[in-house]
Every structure is written in C-alpha cells, then in structure tokens.
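Inspection log for the structure reproduced underneath, given as structure tokens.
Please read these numbers as outputs of a predicted model, since none were measured by experiment.
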Amino acid sequence: MAGAKALLLLLLCAAATTLLTPPPAAAADDGLTKIKLYWHDVLAGKSPTAIRIAQAASSNSSSTFFGAVVAIDDPLTTTPAVTGSAKSKDEVGRAQGTYTFADQTTFGLLMNMNFVFTAGDYKGSSLSIYGRNEVLSAVREMGIVGGAGKFRMARGYVEARTMDSGNSGETVVEYTVYVKTAASA
C-alpha cells in the first residue's frame with residue numbers, strides 16, 4: 001500500500017511539473033513582428049524621391065551603373081498603388097538613406113537605409129536596414145541591424161519583392177519586415 005501511495009505521489013508530481021512547465025515558444029508567439037510595407041522609389045517627375053548624388057567617371061557606360069550612389073527619401077505605404085509626386089493617404093513612413101550600384105556584373109545594390117515611421121502604430125520609431133539587394137532576383141533579403149523607439153535594439157531581416165519596375169517613373173517594392181526587439185527577445 002505504501003508503495004502504491006508513493007507511486008501515485010510520484011505520478012502526481014510528474015504531471016504537475018509537466019503542466020507547470022511552459023511549452024517552447026511557438027513561431028507565431030516568439031516576439032517576432034511582421035510588417036508589410038511598399039517602398040516607392042520615384043526617379044522622375046516634378047518631385048523625385050531618389051536622386052543620384054555621386055558616380056564614377058565610368059558609371060554611365062557601365063551596364064550595371066557600377067559606382068553610382070543614390071540618395072533616397074522614399075515614401076513607405078500600406079498599399080502598392082503608385083504614389084506619383086503627391087503624398088499618399090496610406091503613407092506610414094519614409095525610407096531614408098542611400099543605395100550604391102556595387103556590382104560590376106549584375107544590378108547588385110548596397111542598401112543603407114532607415115525606415116522612419118511617421119504614422120500608425122510605429123510612429124516615432126525607425127528600423128536600420130543594411131545589405132545586398134540584387135534587384136533582378138524575385139526575392140531579396142537584407143538585414144535589420146538596429147532601430148529606435150519601439151524598435152530599440154532591433155534585429156531581423158526584410159524580404160523585398162519588386163511589384164512595379166518603374167515604367168511609370170516610380171519603382172514599387174514590397175517589403176516584408178520580420179523584426180524582434182530587445183523586449184521581445
């Protein structure tokens with residue numbers, strides 16, 4: 001009888017331990033924030049948001065514009081609709097920084113930009129993005145190397161997919177942001 005009680009007590013302790021131990025974090029609840037944005041690079045018209053600021057002597061004769069540097073202050077919106085030069089009603093921020101044509105054999109850009117949120121849930125916050133963007137690839141991935149505001153101590157990555165290649169003078173790229181902050185790590 002004492003052995004049966006001890007066995008029952010042991011089973012109850014094991015069950016309680018199993019019930020009180022938190023399950024491993026699920027992918028959907030691991031502190032990862034996912035945001036979908038549309039980046040609008042306006043190269044033409046009355047109010048371009050991307051302007052070439054430097055280039056090598058050979059940049060224009062290069063098939064990949066190797067050596068050219070472009071400064072950007074591009075709108076970030078919640079829909080892919082072309083914005084033109086007018087501020088879009090769904091604008092939630094700006095992509096500010098530079099991209100450099102850094103590959104001599106393909107359109108490979110070095111992206112160095114901040115996503116600065118000016119509206120919505122992340123207003124006043126920013127994400128710092130840095131990495132290679134081989135623009136002719138269907139999906140490109142770049143790193144999130146930091147952030148501020150709600151994104152302080154951020155880490156993660158973005159996936160870029162071109163939606164409109166600029167026939168209208170505006171290139172639209174869908175950015176899916178996957179980010180963790182220190183508070184969610």
Side-chain angles (χ1 to χ4, degrees), residues 27 30-43 48-56 58-59 62-80 83 88 90-166 170-185:
D30 64 357
L32 188 68
T33 300
K34 180 181 175 184
I35 307 166
K36 188 159 292 199
L37 300 167
Y38 297 89
W39 180 88
H40 301 265
D41 199 45
V42 182
L43 296 164
T49 63
I51 298 172
R52 190 181 293 197
I53 57 170
Q55 65 185 30
S58 60
S59 292
S62 165
S63 63
T64 63
F65 302 109
F66 178 67
V69 180
V70 177
I72 61 170
D73 185 11
D74 292 340
L76 294 171
T77 64
T78 56
T79 65
T83 61
S88 177
D90 64 345
E91 184 175 312
V92 294
R94 307 293 289 189
Q96 298 173 332
T98 59
Y99 56 82
T100 303
F101 291 83
D103 192 313
Q104 294 184 59
T105 59
T106 189
F107 288 105
L109 305 179
L110 168 61
M111 305 295 290
N112 177 23
M113 64 183 166
N114 293 308
F115 282 5
V116 179
F117 293 90
T118 58
D121 293 341
Y122 306 109
K123 182 178 181 176
S125 299
S126 64
L127 289 168
S128 297
I129 298 161
Y130 188 83
R132 177 175 168 75
N133 182 356
E134 191 173 323
V135 297
L136 298 179
S137 295
V139 179
R140 291 88 68 196
E141 190 173 295
M142 290 160 272
I144 294 173
V145 297
K150 290 183 180 180
F151 297 116
R152 188 173 295 126
M153 302 289 289
R155 67 183 200 277
Y157 66 99
V158 298
E159 290 179 347
R161 292 172 174 81
T162 302
M163 307 297 289
D164 182 340
S165 61
E170 176 175 338
T171 298
V172 179
V173 179
E174 175 188 273
Y175 273 85
T176 306
V177 177
Y178 299 92
V179 63
K180 284 186 177 187
T181 60
S184 64

Pairs touching residues 111-124 that satisfy salt bridge (Lys or Arg N to Asp or Glu O under 4.0 Å), sequence neighbours left out: none
Exceeds 12 heavy-atom contacts within 6.0 angstrom, atom CE of M163: yes
Contacts of E141 that satisfy salt bridge (Lys or Arg N to Asp or Glu O under 4.0 Å) - sequence neighbours left out: none
Passing candidate, side-chain contact (heavy atoms from CB on, under 4.5 Å) with L109, options V70, N133, T98: N133
Which atom of A71 lies closest to which atom of I53, heavy atoms considered: CB-CG2, 3.8 Å
Side chain to side chain donor-acceptor pair (under 3.5 Å) between H40 and T77, worked out: CA-CA 8 Å; H40 301 265; T77 64; 2.7 Å; yes
Residues in side chain to side chain donor-acceptor pair (under 3.5 Å) contact with S62, at least two apart in sequence or another chain: T64
ring-ring contact (aromatic ring centres under 6.0 Å, His included) contacts in which one or both residues fall within residues 128-147, not counting sequence neighbours: none
Residues D41 and Y99: side-chain donor-acceptor under 3.5 angstrom: yes
Euclidean distance, Y38 OH relative to D90 CG, rounded to 0.5 Å: 10.0 Å
Of T162, D164, D74, the residue whose pairing with V173 passes side-chain contact (heavy atoms from CB on, under 4.5 Å): T162
Aromatic ring proximity, centroids under 6.0 angstrom, F151 and F117: yes
Atom pair CE/CZ of M113 and R94 - distance to nearest 0.5 Å: 13.5 Å
Contacts of type salt bridge (Lys or Arg N to Asp or Glu O under 4.0 Å), residue K36, not counting sequence neighbours: E174
Atom pair NZ/CG of K180 and L32 - distance to nearest 0.5 Å: 6.5 Å
For P75 against T49, the heavy-atom pair lying closest together: CD-CG2, 3.9 Å
Gap separating the CD1 atom of I129 from the CG atom of N112, nearest 0.5 angstrom: 10.0 Å
Point-to-point distance, once rounded to the nearest 0.5 Å, from OH of Y178 to CD1 of I144: 10.5 Å
Any pair counted as salt bridge (Lys or Arg N to Asp or Glu O under 4.0 Å), so long as it reaches residues 102-111, sequence neighbours left out: D103-R132
Pair F115 + Y122: ring centers closer than 6.0 Å: no
Value rounded to 0.5 Å, distance of CZ in R161 from OG in S137: 12.0 Å
Exercise: identify the closest heavy-atom pair between K150 and T181: O-CG2, 3.3 Å
